[in-house]
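Quick notes on the structure that follows.
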Amino acid sequence: MSSNQGEFFSTSLMEEIKARFHHVDHDIDGSERLFFDNAGGSLRLKAAVDAFARVDALPDCPERIHARARHLQDIQARGEEDIRTIFNAADGSIYTSLTASGAMFDMVRAIMENVPGTNAVTTILEHPSSFDAMTYYAQRTGKSLRVAPSNPQTGGVDVEAILALIDADTALLSVMAASNISGAKFDIAALVERARQKKPGLFIVVDAVQHAPHGLIDLQKTPVDGINFAPYKFFGCRGSGISWLSPRAAVLPHHRLDAKREEVWQLGSPAPAQFAVVTEIVEYVTWIGGRSGAADTPRERFEEGMKRIELHERALLAAMLDGHGGRRGLRRLDGVEVFWDHADLTQRDLILGIGFTNLSPTDAVREYEKRGVIVYERIASSLYSGRMLKSFDLAGAVRISPLHCHAPSDIERFLSITEALTTL
């Protein structure tokens with residue numbers, strides 16, 4: 001199979017992977033269910049849920065000297081190292097917060113309030129947590145906000161469209177790693193390199209919440225100043241957002257305890273259980289990567305695991321588009337339109353947007369649920385998707401977002417149900 005078409009996990013590995021997740025094939029009430037809304041939530045690793053419960057049950061304060069407190073300190077230290085493994089970050093500061101959205105506002109504020117410039121640049125496709133943060137602090141600091149348009153064909157934003165807005169007076173560039181509407185990846189490596197050719201030393205912040213569960217992040221290749229992800233969308237648990245700040249961003253004025261070092265962003269005592277969750281995420285990905293036998297270090301095993309996940313998800317995407325197991329793909333179903341259907345699947349995460357000739361997006365979502373499939377409608381009236389959909393001149397779309405723990409047979413079932421919906 002070509003790299004553009006991906007490569008499925010073996011049947012035996014697929015069975016092992018499914019066994020490590022809660023509720024992959026059945027809902028909590030035992031009914032059969034395909035959860036294809038992983039861009040809004042995520043299927044959970046059993047080990048992550050167990051680790052959170054086990055560690056969070058401990059009454060001890062980690063800022064003490066007794067044995068159990070030191071155990072909690074070790075859990076946090078291990079979790080921080082695992083966060084660095086995810087980001088491939090050798091320096092900088094780790095910042096945990098209640099949500100990745102809250103952290104984005106904090107990072108944007110610190111840069112916009114303290115870095116000189118008359119303008120800031122973002123894109124029309126950003127999640128409200130970053131777009132609204134940029135809008136708010138542009139107004140607060142008197143900077144103009146420049147917004148790059150979307151590309152309706154690819155579902156993304158062209159590098160050239162972003163670069164055209166950057167000049168010597170740009171204080172901050174904020175972009176997402178991949179669209180949570182279309183799945184289109186942004187070329188972050190090219191953006192970082194070329195943006196800093198136009199403005200040396202430009203501060204750059206990346207929203208990686210959507211992309212982190214689907215592909216590699218490598219700060220050694222894309223040296224940005226701030227980046228975040230959400231464990232609950234990365235097979236983990238709700239209740240925390242994880243961010244990293246570059247050394248120069250970390251020392252910008254920010255809320256902090258006066259007794260702590262200038263680069264520390266943590267306020268109070270973070271929950272050790274949340275760090276235990278990240279460790280289980282990394283353990284799981286490195287378990288997949290370690291099966292090849294070609295990787296030695298934790299980061300190398302993590303890289304290999306994410307590459308295997310990415311290949312399997314690309315194969316799932318190809319199967320949805322072109323068909324599998326005798327089922328016709330979405331591209332060939334009468335009454336179904338695939339939005340942003342560009343051919344290069346290497347430039348897409350596992351998200352699809354479709355429309356039905358005979359059903360509105362909301363009605364389609366309800367009909368899917370009746371048949372045991374959970375997807376999500378993105379409609380122009382939504383505060384989370386209206387801006388993006390209007391940029392594509394779309395009133396709505398059904399968003400389909402499986403995860404790597406789904407099998408080819410799950411795609412076949414989904415395609416069968418989708419074909420049935422076209423005849424209602």
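Here the structure is a predicted model, which means the values were calculated and not measured.
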Smallest separation among heavy atoms of S246 and V224, with atom names | CB-O, 3.8 Å

Would you check, one step at a time, whether the test salt bridge (Lys or Arg N to Asp or Glu O under 4.0 Å) holds for K18 with D410?
-> CA-CA 12 Å; K18 280 203 172 197; D410 297 325; 2.9 Å; yes

Taking the six-membered ring for Trp, are the ring centroids of H211 and F186 within less than 6.0 Å of each other?
-> no

Do the charged groups of R194 and D187 touch, with an N to O distance under 4.0 Å?
-> no

Of R109, E113, E263, which meets side chain to side chain contact (heavy atoms under 4.5 Å, CB included) against H254?
-> R109

What's the verdict on side-chain hydrogen bond (donor to acceptor under 3.5 Å, both in side chains) for D169 and N119, showing C-alpha distance, side-chain angles and the deciding distance?
-> CA-CA 6 Å; D169 292 316; N119 69 80; 5.4 Å; no

Heavy atoms only: give me the nearest T346-N4 pair and the separation to one decimal.
-> N-OD1, 3.6 Å

Would you name the heavy atoms of V147 and L165 that are closest together and state the gap between them?
-> C-CD1, 3.6 Å

State, yes or no, whether a side-chain contact exists between Y95 and S93 at a heavy-atom distance under 4.5 Å.
-> no

Assess the pair F21 and Y284: is the distance between their ring centroids shorter than 6.0 Å?
-> yes

Taking 4.0 angstrom as the limit, do R371 and E367 come out as a salt bridge?
-> yes

Please indicate whether R332 has more than 12 foreign heavy atoms, meaning atoms of other residues, nucleotides or ligands, lying under 6.0 Å from its CZ.
-> no

Decide yes or no for V209 and M104: does some side-chain heavy atom of the first lie under 4.5 Å from some side-chain heavy atom of the second?
-> no

Centroid-centroid under 6.0 Å between F36 and F414 rings = yes

Look at R399 together with D37 and state whether they make a salt bridge at an N to O cut-off of under 4.0 Å.
-> yes

Within-4.5 Å side-chain heavy-atom neighbours: D91 and W244 = yes

Basic-acidic side-chain contact under 4.0 Å: K46, E280 | no

Cation-pi, F203 ring and R248 (6.0 angstrom, 45 degrees) | yes

Non-hydrogen side-chain atoms of S385 and I181 separated by less than 4.5 Å | yes

Heavy-atom nearest pair, D225 first then R196, reads OD2-NH2, 3.0 Å

Aromatic ring proximity F235/H404, centre distance under 6.0 Å | yes

Looking at L415 and L333, what are the two nearest heavy atoms and their distance?
-> O-CD1, 4.4 Å

Decide, yes or no, whether a salt bridge links E310 with K185 under the criterion of side-chain N to carboxylate O below 4.0 Å.
-> yes

Answer yes or no: is there an ion pair linking D74 with R78, defined by an N-O contact shorter than 4.0 Å?
-> no

Got a sec, which residues hit side chain to side chain contact (heavy atoms under 4.5 Å, CB included) with Q76, two or more places apart in sequence or on another chain?
-> E80, P270, F275

Please determine if R20 forms a cation-pi arrangement with W287, meaning its NZ or CZ atom is less than 6.0 Å from the six-membered ring centre and no more than 45° off the ring axis.
-> yes

Answer yes when K233 and D207 have at least one side-chain N-carboxylate O distance shorter than 4.0 Å, and no when they do not.
-> no

Compare every heavy atom of A212 with every heavy atom of I217, then report the nearest pair and how far apart it is.
-> CD1-CB, 4.0 Å

